[in-house]
2 protein chains.
Amino acid sequence: MKYNKDTSEKILDAAVREFETKGYSGTRMQAIADRAGINKALLHYYYKSKDALFQIIIQKAFKVFIPKVISAIDEETDLFETIEKFTSSYIDNLIQHPRIPAFITLEINNNPERLLGLIQSSGVNVEKFKQKIDTAIEKGEIIDVEPIQLIVNIISLCLFPFVAKPIITGLVLNGDEKVYEKMIEERKQEVSKFIIRAIKK
Amino acid sequence: MKYNKDTSEKILDAAVREFETKGYSGTRMQAIADRAGINKALLHYYYKSKDALFQIIIQKAFKVFIPKVISAIDEETDLFETIEKFTSSYIDNLIQHPRIPAFITLEINNNPERLLGLIQSSGVNVEKFKQKIDTAIEKGEIIDVEPIQLIVNIISLCLFPFVAKPIITGLVLNGDEKVYEKMIEERKQEVSKFIIRAIKK
DNA sequence: TGCAAATTTAACCACATGGTCAAACTTAAC
DNA sequence: GTTAAGTTTGACCATGTGGTTAAATTTGCA
């Protein structure tokens, strides 16, 4: 018998919760242990250091997203369908893991090197998407846009509502979480409609 | 003679730098003192605690933005002009204070209560903007959109590129800061064009 | 110049934090 | 039940942290 899978999972769950809300430096090993219902020494028995635990969690977070992102872009469909598939599946994924964007934002601003390597080596390929945009422009399907601007727009519209959930809920929606959730759900359709309307000839 | 304005400013500058990049819990009083070229006791002589210093900096950050945001929305112009004025002046402001969005995002996810009160009491009024959108729909100037979705879209397109600067620069722009700056500069025009094209009838 | 107030400093404190360790406990196989 | 490996624990340590204090230095002004 080796590591107890159950305990190991419990720790990971607890650590994700703590890191996602408090960030790396705001998270206390004691808090993770408490949340997992174990003691600090056991925590260090399973994961040798705070840094190691953090690294593992970041990697898991990326594994959730990157493959889906890639598959949407890679498919041999036209630009409009790509945008539709990408935004809806991306937002859908984000609904299931809503705290990840804020977490990544937090940490990438704090320690860009640590995360950038991870993202870059994960195989996301923006070039392919740029080419699709260029092709659509040549074919006269969309207006003449700067591919980078369009890509930034798409990412912004998908991600920002998750990053800024407290601001949106508190400021625009008077603190109503239900309205927030409904709005996000609608965005699975609305975002691509909005984008396509903005670029279609 | 009372507090030395110069020293006080130097401390504030240093503190802003530290808090903006490291967040509240990641920031060390010693680091602020070092950056300001003074020692820790003097730091506490000017600002009684880390929390107090942080509070002052947040309030300053808000004072920079809120008034400009309000003035753009308040003007008695039509929706299209409001969007143009708002996005270009907002992005322009962000260019001058590029680290504030990430800073606010970090802290609002960490401690929503502390910041939300501040924002809410600052007099930002989303209702006025909603009404402008409703009016434009009634007049048939724009297609039938959910005002909240449009507002979230506008904010997302303005803010996200600043929040996610390291991701965009690293992943989409191959680490080229100059390209990033050029792209942001162009967004002062591009964002409103994009939005208006998406909603204009 | 002398003095009182403002400013700056080095040394210090209490406490929190990440991490360790040897001992105790569980478990499954023989 | 004995044993040996894996698992869990309380007590502990070194260091880093925000914050204090009393004494020294500088400053403006009579």
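- Proximity of residues 35-44 of chain B to DNA chain C (heavy atom under 4.0 angstrom from any strand atom) is restricted to Asn39(B), Ala41(B), Leu42(B).
- Between the CD atom of Glu18(A) and the P atom of dT17(C) there is a distance of 12 Å, rounded to whole Å.
- Proximity of Ile167(B) to Ile104(A): side-chain heavy atoms (C-beta onward) are separated by under 4.5 Å at one or more points.
- The residue Ser25(A) sits apart from the nucleic acid: no heavy atom pair falls under 4.0 Å.
- The nearest whole Å value for the distance from the OH atom in Tyr46(B) to the C1' atom in dG19(D) is 18 Å.
- Contact check, Arg28(B) against dG16(D): no side-chain N or O comes under 4.0 Å of OP1 or OP2.
- Scored by the side chain to side chain donor-acceptor pair (under 3.5 Å) test, Tyr47(A) finds Ser8(A) as partners (sequence neighbours excluded).
- Looking at Asn174(A), its side chain never comes within 3.5 Å of a backbone N or O of Asp176(A) through a donor-acceptor pair.
- Within the structure, a side-chain polar atom (N or O) of Thr7(B) is placed less than 4.0 Å from OP1 or OP2 of dT8(C).
- When distances are taken from the side chain of Met29(B) to each of dG18(C), dG18(D), dT8(D), the shortest belongs to dG18(D).
- What separates CD1 of Ile11(B) from P of dG19(D) is a distance of 14 Å, to the nearest Å.
- When rounded to the nearest whole Å, the span between CD of Gln30(B) and C1' of dT15(D) equals 14 Å.
- A straight line from NZ of Lys22(B) to C1' of dT17(D) spans 15 Å, rounded to a whole angstrom.
- Residues Ile195(B) and Phe194(A) form a side-chain contact, since some pair of their non-hydrogen atoms from C-beta on lies under 4.5 Å apart.
- Protein atom OH of Tyr47(A) is 17 Å distant from nucleotide atom P of dG18(C), rounded to whole Å.
- No donor-acceptor pair under 3.5 Å is formed between the side chain of Asp92(B) and the backbone N or O of Ser88(B).
- Between Tyr45(B) atom OH and dA10(C) atom P the separation is 17 Å, expressed in whole Å.
- Lys50(B) places a side-chain N or O within donor-acceptor distance of the main-chain N or O of Thr27(B), the cut-off being under 3.5 Å.
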